[in-house]
2 protein chains.
Amino acid sequence: MDRTEGRTRQGLDLGLKKALDLRGLQKTPGFMLRLAQLKFFEGFYESFAELGITPASYAILTIIRDNPGVPPSTLASLLRLKLPNLIKILNEYESSGLIKRNRSKSDRRGVELLLTPKGTKLIQEATRMTDPYNKRMLAALSVVEQATLLELLNRIVPL
Amino acid sequence: MDRTEGRTRQGLDLGLKKALDLRGLQKTPGFMLRLAQLKFFEGFYESFAELGITPASYAILTIIRDNPGVPPSTLASLLRLKLPNLIKILNEYESSGLIKRNRSKSDRRGVELLLTPKGTKLIQEATRMTDPYNKRMLAALSVVEQATLLELLNRIVPL
DNA sequence: TATTGTTATACTCTATAACTATA
DNA sequence: TATAGTTATAGAGTATAACAATA
């Protein structure tokens, strides 16, 4: 691990770390978005580990809470999940007692998703941790800049 | 498919789409980042399909081009890939004749990655398509706003 | 002994096809 | 026939363990 020498014959000294040209990636929005998203996901698992909740869980429970009765198909398209993959998650959540499925009365093919009291409590506790979590992830930005970022993202992918 | 009725007994009319409350997600930076990143990935596959290049390919070839001799371990940590997973990709690229592996002379455990002429040509062609691609992805933003977004992202995940 | 690269393997996430029950 | 939900399954992406060669 000692690096007393570090000769640089060709103008390259990768052994000493750094001296890397990363400007190409820094100017690539898609790559930087991916890095930022990975940071948020890793940070999420740290901050919410005790609740056993994932980013997907958080989004799913939030949507159902704010839109009781939402059907799985709508939920899937909102979250950009394929319906079969969402169904598997919903099965787990129903087994865990977080959500409930109701058959729609108007169209009995349809399903209405609802939170159970347990699910309501869970997303309530999670919501309490979101502010400190987001603040930690965005610590490098001023409050105004944080709002700017959110606004720009909402313009890029309108909901 | 006809929706002449649409009765709204409980103030909910999800059958008619919309009327959904999505403010919770719109205020969630991590979720919006994920949506934006998915948009960029999908758009990438559309724009670069003819070159048979993926977002990962693009990043890998770019880094090697700008930093000839970069070792796999450095590349992996930059791209947030586990080394074994990167190795598989590098094996494919070497089979395809896009990159070359040199044993390092100073430390013969090490590998120096280089682009072949074929790899150089490929990333060259890809680079020509990046501006229109990025412009299309960020069409909702002014040029100034595009620069702002990039700057904020670089502050959140410094390279 | 520690490190770089590599292989093999398991696990998670995502995508596709087909089946059911209603309409 | 078409649609919402569901199941089963295949594929891509990601993670962990162990080994070889070199330091």
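Labels below follow one simple rule: chain letters A, B, ... track the order of the sequence lines, proteins then strands, and each chain is numbered from 1.
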Euclidean distance, atom CD1 of residue B:Ile87 to atom P of C:dT9 [Å, nearest integer]: 18 Å
Rounded interatomic separation in angstrom, taking OH from B:Tyr93 and P from C:dG5: 18 Å
Nearest-0.5 Å distance that lies between atom CG in B:Leu141 and atom CG in B:Leu150: 11.0 Å
Salt bridge present between A:Glu92 and A:Lys88 (N-O < 4.0 angstrom): no
Residue-phosphate contact under 4.0 Å: B:Asn91 side-chain N/O, C:dG5 OP1/OP2: no
Among C:dT6, C:dT16, C:dC13, the nucleotide that comes nearest once only the side chain of A:Lys82 is considered: C:dT16
Integer-rounded Å distance: C:dT7 P and B:Ile89 CD1: 14 Å
Position toward the 5' end of DNA chain D (nearest nucleotide), B:Thr54 or A:Leu83: A:Leu83
Please enumerate all protein N or O atoms sitting under 3.5 Å from an N or O of nucleotides 18-23 of chain D, with distances to 0.1 Å.
unit_1, atom_1, unit_2, atom_2, d
D:dA23, OP1, B:Arg108, N, 3.0

Atom-pair distance (CG on B:Leu81; C1' on C:dT6), nearest Å: 16 Å
Distance-only donor-acceptor test (3.5 Å): side chain A:Lys88, base C:dT12: no
Pairwise 5' ranking along DNA chain C for A:Arg80 and B:Gly110, keeping only the more 5' one: B:Gly110
Presence of salt bridge, B:Arg136 and B:Glu46, under 4.0 angstrom: yes
Contacts of B:Ser104 that satisfy side-chain hydrogen bond (donor to acceptor under 3.5 Å, both in side chains) - sequence neighbours left out: B:Ser106
Separation of D:dG13 P from A:Phe41 CZ (nearest whole Å): 17 Å
Interatomic distance, B:Glu112 CD vs C:dT4 C1' [rounded to whole Å]: 13 Å
Any A:Ser73 side-chain N or O less than 4.0 Å from OP1/OP2 of D:dG5: yes
Nucleotide D:dA12, atom C1' - distance to CG of A:Asn85 in whole Å: 12 Å
Upstream residue (5' side of DNA chain D) when A:Arg34 and A:Arg101 are each assigned their closest nucleotide: A:Arg101
Non-neighbouring partners of B:Arg108 that pass salt bridge (charged side-chain N to carboxylate O under 4.0 Å, His left out), sequence neighbours left out: none
Length of the line joining B:Glu94:CD and C:dT7:P, which is rounded to integer Å: 10 Å
Note: A:Arg101-A:Glu112 ion pair, threshold 4.0 Å (strictly below): no
For A:Leu115 against A:Ile99, the heavy-atom pair lying closest together: CD2-CG2, 4.1 Å
